[in-house]
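Each residue takes its place number in the sequence, starting with 1. Note that the structure is predicted; figures quoted are calculated from it, not measured.
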Amino acid sequence: MVDVYYASAADYGAENLVPTLNAVVLPVLSQYGGVSGKRVMIKPNLLEYRMKNDPATVHPQLLLELCRLLCSQGAAAVAVIENPAVRTAEAVVTSMGIMPELEKLGVTVRNCAAYTKVSMPSECRYHQLEAAQEFRNYDLVIDFAKAKTHAMMTLTLGVKNLFGLIRGSERLAWHLAAGQNFDDFADMLLDIYLLVKPQITLLDAVTGMEGNGPGSGEAVQLGFLCASGDALALDASVSQVLGVTDMPVLKQAKNRQIIPEFCNCGDVPEVRRIRLPEPPEKTLEWGVYFPVSMRQMLRKLLLSRPVVDGKKCISCGLCAAKCPPQTLKMQNKVPKFDYSGCIRCYCCQEFCPKGAITVAPSRWLKVVSAVEKLVRKLNIIPKRREKK
C-alpha cells in the first residue's frame with residue numbers, strides 16, 4: 001500500500017508553504033531514511049516562466065523552499081536538473097528570480113546532458129529508450145510536477161513530468177511516432193516511469209492550470225500540495241480529487257496492471273472539477289461496426305485540430321520549428337496547418353508563448369456531435385446486445 005500525503009496551502013507565502021511542504025515531504029523522506037549525507041536530484045517542471053506566478057511551471061518559492069528543506073535536513077548535495085522545451089534550466093530559474101538564493105544554498109542548476117540509450121526493464125513495452133541518465137548519480141530523485149491540463153494526455157502530473165528526461169529532438173520523434181495513438185504515447189510515459197522510479201513525487205497544486213494547458217491555460221486555485229513515494233499512485237489519487245476520469249496514462253497503467261494500491265493521508269482537499277481542454281477525439285458510441293479503413297477516414301475528418309488566433313500570434317515561428325512531422329509552415333508570417341499530415345500531438349499548442357494556438361473541434365465533428373445529440377434525444381440509438 002502506497003501512501004499519498006495531502007496538505008492545504010492557500011498561497012505561496014512562506015508562512016503557509018513551509019509547514020505544508022513539511023507535512024507532505026517529510027513523511028515520504030522518512031521512508032528512505034531521510035536525506036542526511038545523501039545526494040538529491042530534483043527534476044522540476046520548468047516548461048517556461050514568462051510572467052510572475054506563471055502557472056505553466058512549478059512555483060519559484062516552492063522550489064526554493066524545497067531546496068531549503070533538503071539542505072536543512074543534511075543533504076550532501078542538491079541539484080535541480082531539467083530539460084525545458086525552449087530555454088535552458090538556468091535561464092528559466094534565473095527568470096524566476098531565485099538563482100541567487102539557490103547559489104547561497106549550494107544548489108546547482110543545470111540542463112540534462114548525459115543521454116544514453118538503455119535497455120528497458122522487462123515489464124516495459126518499448127525495449128530501448130534514450131533518456132538522461134543523471135538520475136543514476138543521485139541517492140534520491142524527486143519528481144517535482146505541476147498540476148496542469150494537457151491537450152494530449154488530459155492532465156500532466158507526476159508520470160508525465162518525467163518526459164522531460166528525454167532529449168528535445170527525441171521528444172519530437174516520440175510525438176511523431178506515437179502522436180496518432182495516444183495510448184502508445186501513454187505507454188511510453190509509463191516506461192519512463194518504470195525506468196526512473198523516482199523515490200519521491202511532489203505535486204505543486206496550490207495554483208494549477210486548466211483549459212488550454214500545459215502552457216497557455218488559465219491559472220486555477222486548487223490550494224494543496226501532495227507527495228508520494230510512487231508517481232503513478234499520486235497520479236491515480238490526484239485524478240480522483242480533480243474529478244478527471246479519462247487519462248490515457250491511467251487507462252494504460254490499469255491495462256498493464258501496474259497501478260499500486262494507495263491510501264490518501266492528511267488533509268485531502270475538496271475542489272471543483274478542473275476545466276479540461278477540448279478533447280482531441282470524441283468517442284461516438286453508436287453500436288455500429290466500421291471497417292478499419294473507414295475508421296481511419298472518420299478519424300481524419302472528426303479529430304479536433306489546432307487552430308491559430310491571428311490577433312494573438314506574434315509570428316515567432318516556434319510552432320513551426322517544434323512541429324514533429326513538419327507539416328506546419330509559416331506563410332506570410334502566419335502559421336499554416338496541413339491537417340492531412342497533422343498527427344495531433346499538439347506540440348504547436350504547447351510551445352506557443354502567447355496562447356495563440358488552441359485545440360478546436362473540426363467542422364465535421366461539430367456536425368456529427370449535433371446529429372448524435374439529436375438521435376440521443378429521440379432515443380433511436382441501437383442498443384448493444386448483451387453478451388451471453
Side-chain angles (χ1 to χ4, degrees), residues 45-51 54-57 84-87 146-157 160-161 163-164 166 168 171-182 185-186 189 208-220 244 246-249 274-282 299-300 302-331 333-363 365-366:
N45 188 317
L46 298 181
L47 176 64
E48 184 56 280
Y49 197 73
R50 298 160 295 195
M51 57 186 175
D54 194 332
T57 184
V86 180
R87 298 197 292 162
K146 183 76 174 183
K148 302 189 294 181
T149 50
H150 193 279
M152 189 178 180
M153 291 287 103
T154 308
L155 288 180
T156 171
L157 301 173
K160 175 65 175 64
N161 186 53
F163 190 45
I166 303 297
R171 276 188 277 186
L172 294 180
W174 274 110
H175 277 294
L176 183 58
Q180 297 195 46
N181 188 322
F182 298 159
F185 195 84
L189 296 176
M209 178 183 286
E210 64 179 356
N212 193 32
S216 303
E218 293 78 44
V220 56
V244 178
D246 186 17
M247 283 181 62
V249 164
I274 196 168
R275 183 168 58 84
L276 300 177
E278 272 292 335
E281 185 169 10
K282 293 184 179 180
R299 184 180 186 277
K300 289 182 179 179
L302 300 179
L303 268 180
S304 297
R305 54 186 60 188
V307 295
V308 64
D309 182 342
K311 294 180 180 179
K312 292 183 178 179
C313 179
I314 58 173
S315 304
C316 66
L318 190 59
C319 55
K322 294 295 184 180
C323 176
Q326 289 295 288
T327 56
L328 170 56
K329 306 293 184 182
M330 297 298 291
Q331 293 186 5
K333 297 184 179 181
V334 177
K336 182 71 174 178
F337 296 96
D338 176 7
Y339 292 119
S340 64
C342 175
I343 63 173
R344 273 61 171 186
C345 64
Y346 308 109
C347 285
C348 54
Q349 177 260 356
E350 180 171 349
F351 294 131
C352 179
K354 295 299 181 180
I357 296 178
T358 56
V359 178
S362 69
R363 281 195 212 104
L365 181 57
K366 291 179 180 178

Residues Asp309, Thr358; criterion side chain to side chain contact (heavy atoms under 4.5 Å, CB included); working and verdict:
CA-CA 8 Å; Asp309 182 342; Thr358 56; over 6 Å; no
Test side chain to side chain contact (heavy atoms under 4.5 Å, CB included) on Met330 and Cys319; report intermediate values, then the result.
CA-CA 9 Å; Met330 297 298 291; Cys319 55; 4.3 Å; yes
Assess whether side chain to side chain contact (heavy atoms under 4.5 Å, CB included) is satisfied between Phe337 and Val308, documenting all intermediate values.
CA-CA 9 Å; Phe337 296 96; Val308 64; 4.2 Å; yes
Step-by-step side chain to side chain contact (heavy atoms under 4.5 Å, CB included) determination, Lys160 to His150
CA-CA 10 Å; Lys160 175 65 175 64; His150 193 279; 3.5 Å; yes
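Taking every heavy atom of both residues into account, Met209 and Gly217 meet most closely at SD-N, 3.3 Å. Across all non-hydrogen atoms, the minimal contact from Pro277 to Ala151 is CG-CA, 3.9 Å. In terms of heavy atoms, Phe182 sits closest to Met152 at CD2-CE, 3.5 Å. In terms of heavy-atom proximity, Pro335 sits nearest to Cys313 at CD-SG, 3.7 Å.
Residue Cys342 holds its SG atom at 8.5 Å from CZ of Arg305, rounded to the nearest 0.5 Å. Remark: Leu47 CG to Phe351 CZ distance equals 7.5 Å, nearest 0.5 Å. If you take CD on Glu350 and CG on Asn212, they are separated by 10.5 Å, rounding to the nearest 0.5 Å. Taking CD of Glu48 as the start and CZ of Arg87 as the end, the distance is 4.5 Å to the nearest 0.5 Å. Atom NZ of residue Lys312 and atom SG of residue Cys352 lie 9.0 Å apart, to the nearest 0.5 angstrom. Distance OG1/Thr57 to NZ/Lys148: 7.0 Å, rounded to 0.5 Å.
Looking only at distances, no side-chain donor or acceptor of Asn161 sits under 3.5 Å from a matching main-chain atom of Leu157. For the pair Thr149 (side chain) and Gly211 (backbone), a donor-acceptor distance under 3.5 Å is present. Listed for the Gln349 side chain is a donor-acceptor partner under 3.5 Å among the backbone atoms of Gly213. A side-chain donor-acceptor contact under 3.5 Å links Thr154 to the backbone of Asp246.
Contact of the Val307 side chain with the Ile357 side chain is not registered, since no non-hydrogen atoms from C-beta on lie closer than 4.5 Å. Looking at heavy atoms from C-beta onward, Lys329 lies out of side-chain contact with Asp338 at the 4.5 angstrom threshold.
Applying the side chain to side chain contact (heavy atoms under 4.5 Å, CB included) test between Leu328 and each of Cys323, Pro306, Cys347 identifies Cys323 as the sole match.
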